Structures are given as structure tokens and as C-alpha cells.
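One is the number of the first residue; the rest follow in order along the sequence. Owing to the predicted nature of the structure, the values given are computational and were not obtained by experimental measurement.
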Amino acid sequence: MMTDLFTQFASTTSFGIPLILLAMFTPWLLFPAPSTKWVNNRLTTSQNWFLTLFTKQLLLPLNTPAHKWAFLLTSLMVFLLGMNLLGLLPYTFTPTTQLSINLGLAVPLWLATVLTGFRNQFNHSLAHFLPEGTPTPLIPILILIETISLFIRPLALGVRLTANLTAGHLLIHLISSAVTAMYSLSILASLLTLSVLVLLTILEIAVAMIQAYVFVLLLSLYLQENT
């Protein structure tokens, strides 16, 4: 049972080759290419409206030097959103349920924000490790605590995204199995469980969008501290 429950998170293979890269690049194929026409179709117009609105909201609290990250953060949002939503389809694989993938995104981007802060405002970045007015006996302890809190940020980014998506997929798998199992026992109970499954699926769609937004939002906040 446990093996069957967690095999959905294993990357599928074809001729011994993992297909996780195919699952990661598929969301980009669903977005229409830029058109040279003066008047775009509805899909392209909706896409441009969403990207413009998201970029404005994301960069609103950031300083002007941080606006250079607009393309990177927007692309990351589209990338995570596409993988999270496509992973809810039946017989699909979700790369963002893999902690290695999420940490591979979180650690380099977090490190880039930290290095940006040390390059542009070295003294200000060091001041974060020791708040002003700290008593002398507490200085080593506070420096240790602030250092741990700094290095735990990328871990929290990756684990948060992985845990939320994995928990949702497990619940959907368990409830869908219960619908099939109870159909032969009680049709009414099976229909009630099916309604719960539909509500849970709607909730997971919201979670997939929210978690992609939270991942990018936290990165933008880290960037704001260092610019």
C-alpha cells in the first residue's frame, strides 16, 4: 500500500531514460509564441494581461535596482504555475513534488540575492546579523541565530512547496481510491466521497497557484532586503 501510494512521485522512464525533463519543459509549450500581428487573439491578450499585472504587483514594493529581476521572477512564476497545475491532471508527473528540484531552484536564487546584497551594500548586509543595541553577552548567540535563520531560508522555500503539493496529491489519491472501493458497498457513500474529491481538487488548484506565488513572493522579499 505504501509503495503504491508513493510511486506516483517517482519519475517515469522510457527505455531507462527519466522523463522528468520532458515534464519540466512541457508547460512552456502551452504558452503561445509572440505574434507579429497588430491585434492579438484572446489567448495571447489574456497571457499578456496576466504577466503585466503580476509583474506590476511583484515589483511594486521593490527598489529600482531590483527591477532587473522582473524577467527572471516572472518566468519562474509561469514555470512553477504551469508544472503545479499540469501535475493535477490524471496520469501526469509533477516535478515540483521532488525536493531536489525545488531546492535546485531555491538555493541558487537565494544565494544570488545574498551575493547581490553583499556586493551592493556590504556593511548593511552584515548589520542584519547583529541588531543595534544588542547587549554584549548576547552578541555571539544572536549572530549564530541570525546565521542559521539566513541559511534555513532556501530549505524552507523548497520544503514548503514540496510538502504542500505532496500532501495534496496524497489526499487526492486516497480519496479517489475510497470512491472506487465504496462504490460496490454503497452508491450514496461513494457519491458523497466523490463530492469531497471534487472539492478537494478545486482546493488543490488554488493551492498550486498560491504556492507558486508564495515561492516567488518570498524570493522578491529576500531581494528587497538586499537591494
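Separating the CH2 atom in W69 from the OG1 atom in T55 is a distance of 15.5 Å, to the nearest 0.5 Å. In this structure, CD1 in I172 is found 11.5 Å from OG in S177, a value given to the nearest 0.5 Å. Rounding to the nearest 0.5 angstrom, the gap separating the CD atom in Q98 from the OG1 atom in T166 is 8.0 Å. Between the CD1 atom of I187 and the CG atom of L192 there is a distance of 12.0 Å, given to the nearest 0.5 Å. A distance of 9.0 Å separates CG in L223 from CG in L59, rounded to the nearest 0.5 Å. If you take OG1 on T96 and CG on L81, they are separated by 10.5 Å, rounding to the nearest 0.5 Å.
Note: the hydrophobic cluster containing V107 does not contain I101 (ILVMFWY, side chain heavy atoms under 4.5 Å, direct or indirect links). L170 and V159 sit in two unconnected hydrophobic clusters of ILVMFWY residues. Membership requires side-chain heavy atoms under 4.5 Å apart, directly or through other members. Under a hydrophobic-cluster definition in which Ile, Leu, Val, Met, Phe, Trp and Tyr are linked whenever side-chain heavy atoms come within less than 4.5 Å, directly or via other members, L72 and L115 are assigned to the same cluster. No single ILVMFWY cluster, assembled from side-chain heavy atoms under 4.5 Å apart, contains both I148 and I145. Residues L105 and V114 share a hydrophobic cluster, clusters being chains of Ile/Leu/Val/Met/Phe/Trp/Tyr side chains in contact below 4.5 Å.
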side-chain contact (heavy atoms from CB on, under 4.5 Å) between W110 and L150, worked out: CA-CA 10 Å; W110 163 82; L150 177 66; 4.0 Å; yes
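Around CG of L185, the count of heavy atoms belonging to other residues, nucleotides or ligands within 6.0 Å exceeds 12. Remark: F118 CZ is packed, more than 12 non-hydrogen atoms of other residues, nucleotides or ligands lying under 6.0 Å away.
With hydrogens and angles disregarded, no donor-acceptor distance shorter than 3.5 Å links the side chain of T52 to the backbone of W49.
In this model, no donor atom of one side chain and acceptor atom of the other lie less than 3.5 Å apart for T97 and H169.
The minimum heavy-atom distance between P154 and A106, with the atom names listed, is O-CB, 3.6 Å. Annotation for Q224 and N63: closest pair O-ND2, 4.4 Å, computed over non-hydrogen atoms. Contact detail for T74 and F54: the closest heavy-atom pair is CA-CE2, 3.9 Å.
Residues forming a side chain to side chain donor-acceptor pair (under 3.5 Å) with S186 (at least two apart in sequence, or on another chain): none.
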Contacts under 3.5 angstrom, residues 196-222 side chains, donor-acceptor by atom type, not counting sequence neighbours:
unit_1: T201; atom_1: OG1; unit_2: L197; atom_2: O; d: 2.8
unit_1: S220; atom_1: OG; unit_2: L217; atom_2: O; d: 2.5

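Two residues are said to be in side-chain contact when any heavy atoms from C-beta on lie closer than 4.5 Å; L76 and L109 meet this criterion. Using a 4.5 Å heavy-atom cutoff, the side chains of L161 and L80 are in contact.
Among residue pairs with one or both ends in residues 149-163, those qualifying as side-chain hydrogen bond (donor to acceptor under 3.5 Å, both in side chains) are N102-T162, R153-E225; sequence neighbours excluded.
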